[in-house]
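For reference, the structure is listed below as structure tokens.
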Number of protein chains: 2
Amino acid sequence: MTYEDRLFAALADPTRRGIFERLGERRRSVAELARAVPVSQPAISQHLKVLKEARLVRDEAVGARRIYSIDPAGLGQLRQWLDRFWREQLAAFESAVEAERRE
Amino acid sequence: MTYEDRLFAALADPTRRGIFERLGERRRSVAELARAVPVSQPAISQHLKVLKEARLVRDEAVGARRIYSIDPAGLGQLRQWLDRFWREQLAAFESAVEAERRE
DNA sequence: TATCTTCATAAGTCATGGCTTATTATAAGC
DNA sequence: GCTTATAATAAGCCATGACTTATGAAGATA
């Protein structure tokens with residue numbers, strides 16, 4: 001499974017995207033997230049693990065708590081994918097127009 | 001299921017993303033895709049249906065064939081989501097810095 | 001030390017989704 | 001008109017993944 005796969009798969013689940021978007025507002029502990037999102041604490045931990053492996057979030061130990069926050073790395077990857085795709089598609093479009101012009 | 005859900009779910013599957021990227025190069029028929037991607041023709045059709053419902057792809061009848069091509073609408077949605085997220089995160093970051101400064 | 005909180009992991013359940021083969025519908029070509 | 005090509009749908013199989021409860025580990029608090 002590539003990094004890109006992990007990235008898209010991580011964002012595919014709505015609950016997980018919800019968690020991610022909440023972390024976008026501000027850093028939160030697992031318990032805070034569990035209070036805000038209607039699933040159990042273990043479910044939150046599992047989602048966070050997936051997000052972390054996709055490099056979308058980081059965590060930091062603070063006492064017994066673990067504070068999660070956004071890691072821009074994953075988003076950067078996503079933007080790269082989008083930009084590359086856009087460029088390629090634009091190029092393909094132009095070459096199609098060019099081919100048509102030559103007919 | 002929201003449109004956004006459909007969008008992310010559609011891009012989550014690697015095979016489907018492969019199909020989508022091939023269509024990024026140029027428009028193709030179902031049979032062409034089936035020849036290029038190592039799954040059966042019905043599987044291709046099923047993937048195309050998902051991509052179409054996410055507005056990532058359009059189709060057009062040409063004789064007995066169906067020509068699929070990129071529909072920029074879905075990508076636009078994805079970019080919007082990314083941009084909005086980025087802006088919000090930036091704002092959150094700035095307000096965090098501001099709060100820290102006041103301490 | 002004993003207890004309480006916080007979080008991760010284990011194990012099991014259930015729904016979803018991606019694939020297959022079989023079939024059907026429509027258009028093309030002889 | 002009959003056969004071939006193209007593509008969508010139906011039905012069924014199986015793996016994956018999202019959730020649950022139960023449990024354990026590590027830090028905070030009395």
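Per chain, numbering begins at 1; letters A, B, ... match sequence-line order. Remember, it's a predicted structure, so these values are computed and weren't measured experimentally.
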For the side chain of [X], counting heavy atoms from C-beta on, which of [options] is nearest?
| X | options | value |
| --- | --- | --- |
| B:Ala31 | D:dT6, C:dT20, C:dG18 | D:dT6 |
| A:Ser29 | C:dC19, C:dA8, C:dC7 | C:dC7 |
| B:Ala43 | D:dT9, C:dT20, C:dG18 | C:dT20 |
| A:Ala64 | C:dG18, C:dA22, D:dG27 | D:dG27 |

Transitive ILVMFWY side-chain link B:Leu82 to B:Leu90, under 4.5 Å: no

Figure out the [atom1]/[atom2] separation between [X] and [N], and round it to whole Å.
| X | N | atom1 | atom2 | value |
| --- | --- | --- | --- | --- |
| B:Asp13 | D:dT16 | CG | C1' | 12 Å |
| B:Leu51 | D:dA8 | CG | P | 12 Å |
| A:Asp5 | C:dG18 | CG | P | 13 Å |
| B:Leu11 | C:dG18 | CG | P | 12 Å |
| A:Phe8 | C:dG17 | CZ | P | 18 Å |
| B:Met1 | D:dA18 | CE | C1' | 14 Å |
| A:Leu48 | D:dA18 | CG | P | 13 Å |
| B:Ile44 | D:dT9 | CD1 | P | 15 Å |

With rounding to the nearest 0.5 Å, note down the distance linking CD in B:Gln46 to CG in B:Asp13. 11.5 Å

With a 3.5 Å cut-off and heavy atoms only, can you find an N or O donor on one side and an acceptor on the other between the side chain of B:Gln41 and the base of C:dT20? no

Please confirm whether the backbone N or O of A:Met1 pairs with a side-chain atom of A:Arg6, one donor and one acceptor, at under 3.5 Å? yes

State whether the side chain of B:Arg17 and the backbone N or O of B:Leu11 hold a donor-acceptor pair below 3.5 Å, judged by distance alone. yes

Whichever of A:Gln46 and B:Gln46 has the more 5' nearest nucleotide on DNA chain D, that residue is B:Gln46

Could you say whether B:Val30 or A:Ala9 is positioned toward the 5' end of DNA chain D, judged by the nucleotide with the nearest heavy atom to each? B:Val30

So, is [X] close to the [N] phosphate, meaning a side-chain N or O under 4.0 Å from OP1 or OP2?
| X | N | result |
| --- | --- | --- |
| B:Ser40 | C:dT21 | no |
| B:Arg66 | D:dA7 | no |
| B:Arg65 | D:dA5 | no |
| A:Tyr68 | C:dA8 | yes |

Can you label the angle between the B:Trp81 ring and the B:Phe8 ring as parallel, tilted or perpendicular, going by 30° and 60°? perpendicular

